[in-house]
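These numbers were taken from a predicted model, which means no experiment stands behind them.
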Amino acid sequence: MKGADMRRVVITGLGAVTPLGNDVESFWNGLKEGRSGIGYITKFDTTDFKVKIAGEVKDLDETACGDKKAVKRMELFSRYAVAASREAFSDAGLDMEAEDPYRVGVSIGSGIGSLQIAEASEQRILEKGPGRVDPLMIPRMISNMAAGNVAISLGLKGKNINVVTACATGTHCIGEGFRSVQHGEAEVMLCGGTEAAVTPLSIAGFTQLTALTTDPDPDCASRPFDKDRHGFVLGEGAGVIVLEELEHAKKRGAHIYAELLGYGATCDAYHITAPMDDGSGAAMAMSYAIKDAGLEPTDIDYINAHGTGTHLNDLAETRAIKLCFGDHAGKLRINSTKSMTGHLLGAAGGVEAIALTKSVEEDYVHVTRNLVESEPELDLDYCRGEGVSMPVRAGMSNSLGFGGHNASIIIGKYKD
């Protein structure tokens, strides 16, 4: 399909499990209030760790993940994915008895899968020998099991994929699900990302990489675009959106939040952890997304930035925005959801797509928390101080992953 023959794709359901709350309403209200979901780590003893804070999911009702037997066989990242997907599915008002199950698919990824069972299994080997490892260790650990468990939980027999691109995972999964609906491979796709990596091994590894902030104060440790930023705060959760072919959504009378208009993806081909200094790779992903949407740079009002709070990322992303948007860069509103949730790794793109969708729906851009003063080159409007009510005709969400992966999506107001 090309041009006018390409099918339009709308967003009809949202589901979230986040450090700000375990449903979309709680998450969005938390963002509007400028509230932090970051706190001291409770999942393990951090006495010997330099990093003691994270954006943990709190008090998840496991009945949201299905029956007890199913939940028992799921690792935490899969539980988050299923809970978010079930909320999104219900929000969309989908009824599988009225759908062809082979036309409803899943595109949900996890950057890591389950470190919890890997850590526990290694300990089991050391203490009791290899014969005592859980027989289901492998299918519980591998990252595609989030998408698999979602399909099993909801009876979705269509295309089922798991794109893994580190911190760009969620956005790539949404983009590839978008393509699947555009090109007629599915009528409906549940898309997004999930992650549950607040574990000793993860915290230790990211700390040794010098990627995490060692600031002990959870209220102000996550500081995207601030001159005193010094690393990201690890977070966890899941974000899932329902993408649906427009005519299919209209026929069943679905509520349409917004329209997914464009998707762009590139690779820096530069370094395994550092972004391209000049931001050219990310800038090209943004440009591709704008072109794919049939828009001009001046049609974009807002960017939900990758905005991790590391020195290199925030500087490179700022340069990328300037490179892509030129003079219009100074007129954009830009913010970082990670200032309140921490960095959800593979789930970040899914959760931030929900923030973008709600911004388009409600014409509101949330604050970037903890942004006090930026360095001279970081001179764009990063939504310092408080959120802003403003028209959001179309907005962009960016995700940049280790390995040089860049992904951008554009969501705009639905027009019949």
Would Phe44 and Phe49 count as a ring-ring contact (aromatic ring centres under 6.0 Å, His included) if you check the C-alpha gap in whole Å, the side-chain angles of each, and the deciding distance to 0.1 Å? CA-CA 10 Å; Phe44 61 92; Phe49 288 75; 5.2 Å; yes
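Asn406 and Asp268 form a side-chain donor-acceptor contact under 3.5 Å, judged by distance and modelled atom types alone. Side chains of Glu236 and His343: no donor on one and acceptor on the other come within 3.5 Å. In summary, the side chains of Ser397 and Glu352 do not present any donor paired with an acceptor at a separation below 3.5 Å, with no hydrogens or angles considered. With no hydrogens or angles considered, a side-chain donor-acceptor pair links Asn162 and Ser143 at under 3.5 Å. For the residue pair His172 / Thr165, a side-chain donor-acceptor distance below 3.5 Å is found, with atom types taken as modelled. Judged purely by distance below 3.5 Å, without hydrogens or angles, the side chains of His366 and Thr337 pair a donor atom with an acceptor atom. When only modelled atom types and interatomic distance are considered, Thr318 and Glu377 share no side-chain donor-acceptor pair under 3.5 Å. In the model, Thr308 has no side-chain atom that pairs as donor or acceptor with a side-chain atom of Lys338 under 3.5 Å.
Here the two rings, on Tyr263 and Tyr288, have centers that are 6.0 Å apart or farther.
The shortest heavy-atom contact between Val133 and Met137 is CG1-SD, 3.8 Å.
Between Arg86 and Asp91, no side-chain nitrogen of the basic residue sits less than 4.0 Å from a carboxylate oxygen of the acidic one, so the salt-bridge criterion is not met. The existence of a salt bridge linking Asp314 and Arg223 is excluded, since no basic side-chain nitrogen approaches an acidic carboxylate oxygen closer than 4.0 Å.
More than 12 non-hydrogen atoms from other residues, nucleotides or ligands lie less than 6.0 angstrom from CZ of Phe325.
When each of Lys331, Arg333, Arg393 is tested with Asp301 by the rule salt bridge (charged side-chain N to carboxylate O under 4.0 Å, His left out), just one qualifies, namely Arg393.
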